[in-house]
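Below is one structure, written out as structure tokens; the observations come after it.
Labels below follow one simple rule: chain letters A, B, ... track the order of the sequence lines, proteins then strands, and each chain is numbered from 1.
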Protein chains: 2
Amino acid sequence: MAFQIDTTQHRREQILDAARQLFADKGLHHVTTRQIAAAVGISQPSLYAHFPNRDSITVELCVRAFDTLQARLQAAVAGTGTPAQRLFRLGLDYIGFGLQNEAAYRIAFMADLPNDASGQGNLVLQASVQAFGVLHGLIGEVHGHGQPESDVIAQSTWASLHGMVALLLARPQFPWVDLETLIATHLDQLCAMALPDAAAPAPQSAP
Amino acid sequence: MAFQIDTTQHRREQILDAARQLFADKGLHHVTTRQIAAAVGISQPSLYAHFPNRDSITVELCVRAFDTLQARLQAAVAGTGTPAQRLFRLGLDYIGFGLQNEAAYRIAFMADLPNDASGQGNLVLQASVQAFGVLHGLIGEVHGHGQPESDVIAQSTWASLHGMVALLLARPQFPWVDLETLIATHLDQLCAMALPDAAAPAPQSAP
DNA sequence: GGCTATAGGTTGACATCGTCTGCCAAGTCG
DNA sequence: CGACTTGGCAGACGATGTCAACCTATAGCC
């Protein structure tokens, strides 16, 4: 009786859930469509009734993850505090997201999608760029939205944030110093760089 | 007469050259062993007389690339100038290397090697870590080699450098600001962060 | 010279991958 | 009732990485 409900979108969600789990367990490139289908309990070609191809599954997972990231970043920025405090929170959430959603972050930034120009890659691009938009907005809020300086600083800051996530994901076995210290220091220096006058030891800005 | 020489190691080099070219052209995951073999002019299973498997080819290419990176970084650090100037040069070389050796950089930092613990992945880890060692040495030279602070700053700096390369490679279509400005600013702020007192060096280079 | 070991090559096959085609069952609606 | 749609299935396809068996010519020894 209650069985009937799932015929529409429920299967899609089941597939996405199974894929997310498998990706997290075995890594992106080592999950096959047959494994996903088996985890759901359907035959493998049936996947193609819900998704046009394998990449679509990863892309949809990725886009969803980045939507939640964007929401988290927006919440971090919207809170009270000095710009430095808000940027610090944003950075902490960004790095935390990357470390906790390794599969999604890898899909978005560390996979070479074949057809970046064709539709699928664009969805990922768009989703990740929207998340960057939150950072961009905060920097613009401080430096003035039109200023070219604002764009440069926002992109440079993004690079530093991304670098920490990407490096920690790519080199888990590296003898890192205490993670909390590393991330806190990184964010402190980021804030000092990105904001003009902040209380922390700030760099000189060229006249 | 001179034909005879190639029977030993020449074929390995031919294979590596062909693979490097194909990787650069088509992207890592879209090159097959059959394509490599065809480019060399031998049958595909013959590759396995020179390499135990496909990954070995990519790993060897990658290790070699990072050996040259390490040499470049060492040359940059060894030159004259203030620590800030030497760090700036190192950063410029690091980013330049990443952008010019996209395939190798992707293999090293943006691919999820299956068996990171088993031998092959370790070679890549080792090679990339040795390159980091040059940066680590320069930072230690300024902050004191034993100091835990030195390690934190070196790793944070590495993350920022890596982030710029990785992001530019991953998002070539993003509306970046002028690349020279972006990189120069990024490096300036990096130097200001990583070095204790240093007035900003800001040597603009215009290739 | 003749014999043999061996490095480097080939052909052919294998399992597995993503994907496509064709067919079937059941629900929906005229 | 009958037609259409939806979701499922089995089977097959080409391409991929890899392996096994066999050939061939050179090098080194007797």
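What separates CZ of A:F51 from P of D:dG7 is a distance of 12 Å, to the nearest Å. Computed from coordinates, the A:H29 NE2 to C:dT16 C1' distance equals 17 Å when rounded to whole Å. At whole-Å resolution of the value, CG in B:N53 and P in D:dT16 are 17 Å apart. The interatomic distance linking A:Y48 (OH) with C:dC20 (P) rounds to 7 Å, in whole Å. Look at CD1 on A:I42: it is 19 Å from P on C:dA25, rounded to the nearest Å. The distance from atom CZ of A:R54 to atom C1' of C:dC20 is 18 Å, rounded to the nearest whole Å. The interatomic distance linking B:L47 (CG) with D:dC19 (P) rounds to 13 Å, in whole Å. Straight-line distance from the CD atom of B:Q14 to the C1' atom of C:dG9: 14 Å, rounded to whole Å.
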Point to revise | B:H29/B:F23 under ring-ring contact (aromatic ring centres under 6.0 Å, His included): CA gap, chis, key distance, verdict | key: CA-CA 8 Å; B:H29 293 298; B:F23 286 154; 9.4 Å; no
**Study point:** side-chain contact (heavy atoms from CB on, under 4.5 Å) evaluation trace for A:H145 with A:S150
**Key:** CA-CA 7 Å; A:H145 277 286; A:S150 164; 5.9 Å; no
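The phosphate of C:dA7 has neither OP1 nor OP2 within less than 4.0 Å of any side-chain N or O from B:R11.
The B:H50 side chain lies nearest to C:dG9 when the options are C:dG9, D:dG17, C:dG18. Checking C:dG9, D:dT18, C:dT19 against every side-chain atom of B:Q44, the shortest atom distance belongs to D:dT18. Comparing atom distances between the B:S43 side chain and each of C:dT21, C:dG9, C:dT10 picks out C:dT10 as nearest.
Heavy atoms of A:V31 sit under 4.0 angstrom from primed sugar atoms or phosphate atoms, though from no base atom. If you check every strand for non-hydrogen atoms under 4.0 Å, A:S46 touches a base. Here A:T32 lies in heavy-atom contact (under 4.0 Å) with sugar-phosphate atoms only.
For C:dG18, the base has a donor-acceptor partner in the side chain of A:R34 [N/O atoms by modelled type, under 3.5 angstrom].
With a 4.5 Å cut-off on side-chain heavy atoms, B:W176 and B:L167 count as touching.
Defined by atom type and a distance below 3.5 Å, a donor-acceptor pair is missing between the side-chain atoms of B:S160 and B:T157.
Position along DNA chain C of the nearest nucleotide to A:Q35 versus A:P45 favours A:Q35 as the more 5'-ward residue.
Between A:F66 and A:F109, a ring centre-to-centre spacing shorter than 6.0 Å is recorded.
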